[in-house]
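Just below is one structure, and these are the notes that go with it.
In this text the structure is predicted, and so the values were computed from the model without any measurement. Every chain is numbered from 1, with letters handed out A, B, ... down the list of sequences.
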Amino acid sequence: MFLNAGNFISRGVSSPWPKALLATCQDVKSITQIHALLILTGVFSNGYSNGQLIASYARFGDVASARRVFDESPQRGVSTWNALIIAYSRSYSAAEVLNLYQQMIVEGIRPDSSTFTVSLKACANLQDLKKGEEILSQATDFGYKDDVFVGSSALNLYAKCGKMDEALRIFNGMPKKDLVSWTTMITGFSQIGRPVEAIDIYRKMRMEEIEGDSIVMVGLIQACANIGDLNLGLSAHGYMIRRDIPMDVVVETSLVDMYAKNGLLNLASCVFEKMSYRNVVSWSALISGFAQNGFARDALKLVVEMQSFGLKPDLVSLVSGLLACSQVGSLKFGKSIHGYILRRLEFDRVSGTAVIDMYSKCGSLSSARVLFNQVSSRDLISWNAMITSYGIHGCGEEALSLFMQMKETKLRPDHATFASLLSAFSHSGLVEEGRYWFDLMVREFDVQPSEKHYACIVDLLARAGRVEEAHELIESMIIEPGIAVWVALLAGCRNHGKLELGEKVAKKVLELKPDDAGIYALVSNVFAAANKWDKVAAVRKVMKQIGMKKVPGYSTVEVNGKLHAFLMEDRSHPQYEEIAAMLEKLDGEMRALGYVPKTEFVLHELDEEVKERMLCNHSERLAIAFGLLNTRPGTRLLITKNLRVCGDCHEATKFISKIVNREIIVRDVKRFHHFKDGVCSCHDYW
DNA sequence: GTAGGGTTAG
């Protein structure tokens with residue numbers, strides 16, 4: 001090492017030899033040796049290269065040594081100061097950066113472009129706009145107003161503080177822009193949830209014939225992901241391949257996320273598979289893509305799989321896991337994630353809300369409430385989640401009471417709060433409360449009713465049998481009634497035998513061209529209830545023509561932590577014989593207690609006897625029988641159904657809960673039913 | 001200057 005130093009000196013290298021030598025260092029030890037050499041040769045006491053020495057220590061994260069060099073330096077020029085400031089910046093000590101900046105000013109050292117850039121970055125990270133603006137004005141005083149580095153740092157400062165309009169003002173006034181300036185704007189708009197403007201600036205950048213690099217593409221891809229602009233996303237991907245822009249883990253992860261968010265899970269998986277290196281973020285992007293597109297099982301599989309690759313799930317990936325548990329009603333998996341977070345991580349607000357949602361959607365309302373009480377800093381979404389929980393469990397009064405408590409905080413209820421609240425009223429039959437708060441929502445809380453609020457209130461009225469009133473409300477709507485409100489009315493018509501109006505509404509719904517098989521099923525059911533079998537056939541034909549498949553009804557039951565799924569008339573199950581025998585036995589006991597099969601729920605033109613047999617084979621009944629057979633007496637059963645529970649099964653489950661003396665909880669696609677001692681928590685109102 | 005997470009109608 002010293003020999004090399006000699007070579008540098010004797011050859012009279014014109015570039016400063018300490019710099020060249022320091023650059024060759026691979027560890028702190030060699031830096032220490034050169035440090036000693038600099039002292040020995042007197043270079044150090046001349047103040048020469050001290051900055052480079054500081055920077056070298058900082059390169060290996062040794063801030064303490066960097067500081068020592070600084071403190072021992074006999075002379076400190078701007079480069080010495082900058083070196084130390086950068087050292088602190090690299091170790092994420094933003095406060096110390098600003099501290100040094102201040103000292104530097106006090107000591108009368110003239111800051112340069114680097115000083116301002118690093119200090120402004122510290123303000124951005126601290127989101128300290130006030131300090132940042134102070135530094136900006138000093139930069140102007142020192143003549144760095146039009147410096148492109150200072151300019152971009154200013155953009156970043158405003159972007160990180162959420163002031164994109166101010167950033168845009170500065171951006172437009174910048175005499176010189178570089179790729180970083182453009183990138184900061186694109187990324188800034190993208191991250192603040194203004195993807196349209198992000199894309200707009202990207203287009204302007206390309207019009208000025210500036211080529212993007214991988215970082216700017218990340219911002220663009222993120223914007224595409226959030227706005228759902230798949231065409232642009234695909235072309236961005238293609239652009240990078242064509243121009244051979246190197247793709248690192250960040251770009252590839254953004255691509256996975258963009259495809260996954262837009263439901264192109266095949267493409268997302270494809271990119272994911274080809275990645276040479278994947279981290280927790282890459283896995284999370286894919287997991288959340290599956291979870292958010294309804295592929296809960298795949299999401300959960302990935303949570304397990306990532307661990308076999310040696311990666312530990314973090315809060316973000318686990319929140320997606322919780323979402324998946326909520327969807328399939330897997331209490332066991334959900335609980336294990338809850339435990340994992342308790343043991344190895346720390347809850348934040350988002351994961352706290354996700355756990356609340358998981359417990360409530362997996363049937364455990366009381367656990368959800370316990371956790372809600374434990375969340376220290378609740379935001380609007382936490383409250384909304386808990387109000388929703390009460391709603392789906394049919395606890396309208398509790399939902400209202402929680403809403404009143406929320407009103408006492410400084411949080412303002414939003415459109416989601418009212419959607420949950422109105423839906424809670426609807427499921428509990430609190431019609432007057434619903435009308436009252438719908439009115440107050442507009443008058444006092446300034447929340448304009450949207451389609452979903454109207455759908456709630458129409459549902460509320462129609463469900464309560466006030467079908468005409470619901471119809472009148474639709475006629476009086478300010479906004480054009482969409483398919484959701486008509487569907488809510490239609491369901492009311494069916495449930496309350498208003499078949500004449502029902503037929504009219506059914507036609508209306510068909511005109512609006514639903515894209516949902518469930519809606520076609522409802523329309524067809526209304527025609528079936530009115531014995532219009534020709535129209536039933538016509539609807540089925542339309543569905544066939546547009547290639548829409550009826551979603552088969554299925555139910556799942558969790559037995560010993562494993563989910564078992566049953567389709568209607570599912571004879572394929574290995575335990576089918578036992579299940580059928582159990583159902584037959586129960587059927588006899590139910591009839592003895594007064595059960596009469598409600599064959600009107602079989603929507604085909606068939607013999608009564610055949611209809612009765614079909615009802616017995618509904619998926620929820622198979623799941624219940626399987627659960628009874630495979631769990632110890634007295635165990636609570638949790639059934640999840642992908643459609644609404646049928647009226648006859650609802651009746652039968654009440655009887656079964658009494659006969660077997662068990663609590664049976666059924667989660668259908670909209671809400672929960674808690675069956676116990678022959679009654680249901682919904683009091684037959686749903 | 002760069003990536004992933006929670007609530008919401010029928």
Task: Given B/dG10, B/dT2, B/dG5, the nucleotide with the shortest approach to the side chain of A/Ser288 - done: B/dG5
TODO: With the side chain of A/Leu323 defined as its heavy atoms from C-beta on, choose the nearest nucleotide among B/dT7, B/dT8, B/dG4.
DONE: B/dT7
Task: B/dT8 OP1/OP2 closer than 4.0 Å to side-chain N/O of A/Asn384 - done: no
Open item on the list: Ignoring hydrogens and geometry beyond distance, is the side chain of A/Thr183 in donor-acceptor contact with the base of B/dG1 at under 3.5 Å?
Closed with: yes
Task: Euclidean distance, atom CG of residue A/Asp414 to atom P of B/dG6 [Å, nearest integer] - done: 16 Å
Task: Any donor-acceptor N/O pair under 3.5 Å between B/dG6 base and A/Ser382 side chain - done: yes
Open item on the list: Can you see if the side chain of A/Lys670 gets near the phosphate of B/dG10 - specifically, an N or O under 4.0 Å from OP1 or OP2?
Closed with: yes
Task: Out of B/dG1, B/dT8, B/dG10, whichever nucleotide has its closest atom nearest the side chain of A/Ser420 - done: B/dT8
TODO: Grab the CG-P distance between A/Leu315 and B/dG5 for me, whole Å please.
DONE: 13 Å
TODO: Would you sort out whether A/His427 and A/Phe672 count as a ring pair (Phe, Tyr, Trp, His ring centres under 6.0 Å), showing the intermediate values?
DONE: CA-CA 10 Å; A/His427 289 307; A/Phe672 278 90; over 10 Å; no
Open item on the list: What contact category does A/Val280 fall into here, base, sugar-phosphate, or nothing, at under 4.0 angstrom with non-hydrogen atoms?
Closed with: base
- [ ] Grab the CE-P distance between A/Met164 and B/dG1 for me, whole Å please.
- [x] 14 Å
Task: Nucleotide nearest A/His427 when distance is taken to its side chain, options B/dG1, B/dG4, B/dG10 - done: B/dG10
Open item on the list: Is there a side-chain contact between A/Lys160 and the phosphate of B/dT2, meaning an N or O under 4.0 Å from OP1 or OP2?
Closed with: yes
TODO: Give the rounded distance in Å between these two atoms: CG of A/Asp248 and P of B/dG4.
DONE: 14 Å
Task: Sugar-phosphate, base or nothing in reach of A/Glu252, heavy atoms under 4.0 Å - done: nothing
Task: Salt-bridge present (A/Lys204, A/Asp200; N to O < 4.0 Å) - done: yes
- [ ] Give A/Ser389 one of three labels, base, sugar-phosphate or nothing, depending on what nucleic acid heavy atoms sit under 4.0 Å from its own.
- [x] nothing
- [ ] Side chain of A/Ala455 only, please: which of B/dG1, B/dA9, B/dG4 is the nearest?
- [x] B/dA9
TODO: Check whether any side-chain N or O of A/Gln292 sits under 4.0 Å from OP1 or OP2 of B/dG4, and answer yes or no.
DONE: no
TODO: Determine the contact category for A/Ser254: base if any of its heavy atoms lies under 4.0 Å from a base atom, sugar-phosphate if only primed atoms, P, OP1 or OP2 are that close, otherwise nothing.
DONE: sugar-phosphate
Open item on the list: Looking at B/dG6, I'd like to know if its phosphate oxygens (OP1 or OP2) sit under 4.0 Å from a side-chain N or O belonging to A/Lys361.
Closed with: no
- [ ] Figure out the CG/P separation between A/Asp459 and B/dG10, and round it to whole Å.
- [x] 5 Å
Open item on the list: If you only use heavy atoms from C-beta on, which nucleotide in B/dG5, B/dT8, B/dT7 is closest to the side chain of A/Ala419?
Closed with: B/dT8
Open item on the list: B/dG10, OP1 or OP2 - any side-chain N/O from A/His453 closer than 4.0 Å?
Closed with: no
Open item on the list: Less than 4.0 angstrom from a charged side-chain N to a carboxylate O is my criterion; do A/Glu166 and A/Lys163 meet it?
Closed with: no
Task: A/Lys261, nearest nucleotide to its side chain (from B/dG10, B/dG5, B/dT7) - done: B/dG5
TODO: Check whether any side-chain heavy atom of A/Val355 lies under 4.5 Å from a side-chain heavy atom of A/Phe347, and answer yes or no.
DONE: yes
Open item on the list: Please report the distance, rounded to the nearest Å, between CD1 in A/Ile170 and P in B/dG1.
Closed with: 15 Å
Task: Rounded distance [0.5 Å steps], CG in A/Leu371 versus CE in A/Met358 - done: 8.0 Å
Open item on the list: Between B/dG1 and A/Asp213, counting only base atoms on the nucleotide and side-chain atoms on the residue, is there a donor-acceptor pair under 3.5 Å?
Closed with: yes
- [ ] Pick base, sugar-phosphate or nothing for A/Thr184, based on heavy-atom distances below 4.0 Å to the nucleic acid.
- [x] sugar-phosphate
Open item on the list: Counting the atoms with a prime plus P, OP1 and OP2 as sugar-phosphate, which does A/Ile519 contact under 4.0 Å by heavy atoms, base, sugar-phosphate, or nothing?
Closed with: base
TODO: Could you check how far NZ of A/Lys452 sits from P of B/dT7, rounded to whole Å?
DONE: 13 Å
Task: Candidates A/Val526, A/Leu489, A/Ile474 - the one meeting side-chain contact (heavy atoms from CB on, under 4.5 Å) with A/Val505 - done: A/Leu489
Open item on the list: Using the side-chain heavy atoms of A/Ala491, tell me which of these nucleotides is nearest: B/dG10, B/dT7, B/dT2.
Closed with: B/dG10
- [ ] Identify whether the distance between the nearest side-chain nitrogen and carboxylate oxygen of A/Asp668 and A/Lys641 falls below 4.0 Å.
- [x] no
TODO: For the side chain of A/Val180, starting at C-beta, report the closest nucleotide among B/dT8, B/dT2, B/dG1.
DONE: B/dG1
Task: Minimum-distance nucleotide (side-chain atoms of A/His415 versus B/dG4, B/dT8, B/dT2) - done: B/dT8
TODO: Nearest whole angstrom, please: distance from the C1' of B/dG4 to the CZ of A/Phe272.
DONE: 12 Å
